[in-house]
Structure formats: C-alpha cells, structure tokens
Amino acid sequence: MADQSEVPQFKALPAHIAIIMDGNGRWAAARHLPRMAGHREGTENLRRVITACVEFGIEYLTIYAFSTENWKRPKDEVSGLMQIMADALEKEVGELNKQGVRINHIGRLEKLDVPLRQGIINAVELTKNNDRLILNVAWNYGGRDEIVYAVQEIVKKGIKPEEITEVTITENLFTRGIPDPDLVIRTSGEQRISNFLTWQSAYSEWYFTETLWPDFDKEELRKAIIDFGSRNRRFGGRTAEEEKKQYAG
Ligand code: FPP
C-alpha cells in the first residue's frame, strides 16, 4: 500500500507547472567543479522532480532544457550539454515510460546534435500513449521564436487576417493542446522570464527561489505548490468572494 504520508493535501494543485532550471553553473562553481558537473547534477535532479510531480498528481510539467539563446554559450558547453541530455534520455526513458510519463518536445528539432535529436524522436514515439504526466521538454526553444513559428503556420494555412483570434495563435504554437501553465518556477534567484512560454504565461503565477536547480528537491517543490495555494488568481477579473464583499449590504 502506498505510504499515505507521501500524499500531501495541497490547498490547490496546479495542473501545469513550468520550470526554468537555473543555477547549475553556480552550484558547480561553489564546489570548485567544472560547469558540466553542475549540468550533470541538474539532470539527476530533474529525474527526482519528475518523480515528485508524478507522486503529487501534477498533470503537465514543462521544463526549459535548452533555449534559442543558449547557442551563444561556448561551443564546449553546448556540445557537453547536448551529450548529457542525449545520455540522460537514453538512460531514463524506459523508467519514465514505466511511470506513465509522456515526453513531448517543444521547440525546433533542427540544429540539435543528431544523437539528441534521435533520442527525442525515440522518446516521443515510445511514450506517446502515456497520460499520467505530460512532460514537455523545451529543446532549442524560444518564446518569441514560437510566436514566429505560429505566424508562419497561420500564413501557410491561408487563414484570413480577420479570422485570426487568440485561439488561432494558441492552436498554432508548439504547445497546442496543452493548457497554459498555472505556476512557473525559476530557481537560483534570477527574476526574469528569459523568453520562456512568452504567450502561455500571461496569467501564470510566478515563484522565484534562491535555491539552485540541483538542490531544488521534492521538499522545495512542495513549498512552491503550497505557496501557489495561497495565491488569489483573478485572470484580470475579480474573484467571486471579492464581488460578494463589495456588494454585500
Ligand atoms: C541553467 O543553468 C541550466 C541550463 C542552461 C541547462 C538546463 C538543463 C538541464 C538541467 C538538463 C536537462 C536534461 C534533460 C534530459 C532534459 P546555468 O548554466 O545558466 O547556471 P548558472 O546561471 O549558475 O551559470
């Protein structure tokens, strides 16, 4: 029987969590290790966080693995990261599949190193019938680039300008079919969006923590979800409770 202490009662559970996994380099520097050791530890941590999301009952997790801006990093770091990610995918995809995780790619496959590209294609295919947790991995992803992609798709389909609505844009993004994130987490103390889910995070709740990504464990995730439960989400309107208060008596 499952350990009931592992099933926390959250006031509100975000259906979709997105994470900017920041701070691998600083984690390594603090230990006088090469940056790659930080990325390796960050990748290990990702496995732990995915498992925690499955346990907590999160439906969608979107992670920023490699941005369109990350190409500006030194060549060695870029190729090292590609290698680490390709190895991790190959090593973990079987277990993720067993856990019922469906892997989905958002971003542009082109330009990625061949082993990583092939690993993504295989992982997406192997896990396509799973539905316990939808894991969207942003590889070669940029929020602005995604909007350019959506516009290109809309033009290719010959949709007339007067027919274009917010729904048209939403349905032509890499994330089509995926609800907007309820909660976006950024680790390591930085407080920027950094071109992540630019369109989709318009009404997301943001959670910033000083904790570096390799140290952002299940307990840290629990804290973020509890904090989310204390937010008053209004989506630009007002809550039913606020309406009642104003018009009461
Ligand atoms: C930011 O830390 C982190 C990244 C650019 C890479 C994130 C990727 C992973 C954790 C691996 C994911 C693996 C798979 C299989 C999806 P940073 O290097 O910017 O850290 P710093 O700001 O401290 O220098």
Side-chain angles (χ1 to χ4, degrees), residues 17-54 60-97 99 101-109 111-124 126-127 133-143 174 184-197 208-217 220-221:
I17 295 180
I19 309 183
I20 302 180
M21 309 176 289
D22 201 1
N24 293 344
R26 277 163 285 168
W27 183 93
R31 289 160 181 77
H32 309 287
L33 294 169
R35 288 182 64 79
M36 278 307 136
H39 290 315
R40 248 177 253 116
E41 194 58 31
T43 306
E44 280 293 304
N45 190 50
L46 178 56
R47 182 163 45 79
R48 297 191 281 266
V49 168
I50 294 170
T51 303
C53 283
V54 171
Y60 300 87
L61 173 65
T62 301
I63 49 159
Y64 210 3
F66 194 87
S67 77
T68 45
E69 287 67 42
N70 286 150
W71 295 106
K72 294 181 203 150
R73 294 191 177 207
K75 260 194 169 151
D76 282 0
E77 182 170 354
V78 170
S79 58
L81 252 173
M82 299 265 164
Q83 186 68 54
I84 287 174
M85 293 192 286
D87 291 349
L89 251 186
E90 197 184 341
K91 188 168 149 235
E92 304 295 345
V93 70
E95 182 53 35
L96 290 173
N97 189 37
Q99 287 185 24
V101 176
R102 175 175 181 176
I103 298 175
N104 190 22
H105 172 229
I106 60 168
R108 308 235 189 202
L109 265 185
K111 260 176 100 182
L112 294 173
D113 285 0
V114 174
L116 178 58
R117 212 182 315 158
Q118 199 50 54
I120 295 169
I121 293 168
N122 295 347
V124 169
L126 178 72
T127 63
L133 172 74
I134 312 297
L135 172 65
N136 306 300
V137 191
W139 272 298
N140 195 15
Y141 171 90
F174 298 130
V184 187
I185 297 170
R186 183 168 191 157
T187 58
S188 91
E190 306 294 346
Q191 302 194 359
R192 286 188 296 278
I193 296 173
S194 295
N195 207 11
F196 186 44
L197 302 177
F208 298 106
T209 170
E210 294 289 326
T211 305
L212 303 176
W213 171 249
D215 296 326
F216 187 87
D217 59 10
E220 294 282 334
L221 180 66

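Every number for a ligand or one of its atoms is a count from 1 in the order of the listing. In this chain, residues are counted from 1 in sequence order.
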Undergrad: What pair of heavy atoms forms the shortest contact from Trp139 to His105, and how long is it?
TA: O-NE2, 2.9 Å

Undergrad: Kindly give the heavy-atom pair with the smallest separation between Pro34 and Ala28, and that separation in Å.
TA: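 Pro34 and Ala28 have their closest heavy atoms at O-CB, 3.3 Å.
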
Undergrad: Tell me whether ligand 1 is touched by Gly23 - counting only heavy atoms on the residue side and a distance under 4.0 Å.
TA: yes

Undergrad: Within the structure, does Asn24 bring an N/O atom to less than 3.5 angstrom of an N/O atom in ligand 1?
TA: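 Between Asn24 and ligand 1, an N or O pair is found under 3.5 Å apart.
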
Undergrad: Please report whether ligand 1 has a polar contact with Arg26, defined as an N or O pair separated by less than 3.5 Å (distance criterion only).
TA: yes

Undergrad: Counting each atom of ligand 1 from 1 as listed, which ones have a heavy atom of Trp139 under 4.0 Å away?
TA: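 Listed by number with element, the hits are 16 (C).
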
Undergrad: Return yes when atom CD of Glu77 has more than 12 non-hydrogen atoms of other residues, nucleotides or ligands closer than 6.0 Å, and no otherwise.
TA: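 More than 12 within 6.0 Å, yes.
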
Undergrad: Return the CG to OG1 distance between Leu96 and Thr51, rounded to the nearest 0.5 Å.
TA: 7.5 Å

Undergrad: Under 3.5 Å, is there a donor-acceptor pair between the Glu41 and Asn24 side chains?
TA: no

Undergrad: Do any N/O atoms on Gly25 end up under 3.5 angstrom from N/O atoms on ligand 1?
TA: yes

Undergrad: I need the atoms of ligand 1 closer than 4.0 Å to a non-hydrogen atom of Ala65, numbered in the order shown.
TA: 6 (C), 7 (C), 8 (C), 16 (C)

Undergrad: May I ask you to check if ligand 1 and Trp213 share an N or O to N or O distance below 3.5 Å?
TA: no

Undergrad: Is any side-chain heavy atom of Thr68 less than 4.5 Å from a side-chain heavy atom of Asn195?
TA: yes

Undergrad: Hey, is ligand 1 close enough to Asn70 that some N/O pair sits below 3.5 Å?
TA: no

Undergrad: Where does the angle between the aromatic ring planes of Phe196 and Tyr64 fall among parallel (under 30°), tilted (30 to 60°) and perpendicular (over 60°)?
TA: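 Judged by the thresholds at 30° and 60°, the geometry between Phe196 and Tyr64 is parallel.
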
Undergrad: Could you tell me, atom by atom, which parts of ligand 1 come under 4.0 Å of a heavy atom of Leu46?
TA: 12 (C), 13 (C), 14 (C), 16 (C)

Undergrad: Could you check atom 19 (O) of ligand 1 against the protein and tell me its nearest heavy-atom contact, residue, atom and distance included?
TA: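 Checking every protein heavy atom, the shortest distance to atom 19 (O) of ligand 1 gives Arg73 NH2, 2.8 Å.
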
Undergrad: Does any part of the side chain of Asn122, heavy atoms only, come nearer than 4.5 Å to the side chain of Gln118, both counted from C-beta?
TA: yes

Undergrad: For ligand 1, find out whether one of its N or O atoms is nearer than 3.5 Å to an N or O atom of Arg35.
TA: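 N/O-N/O distance below 3.5 Å exists for this pair.
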
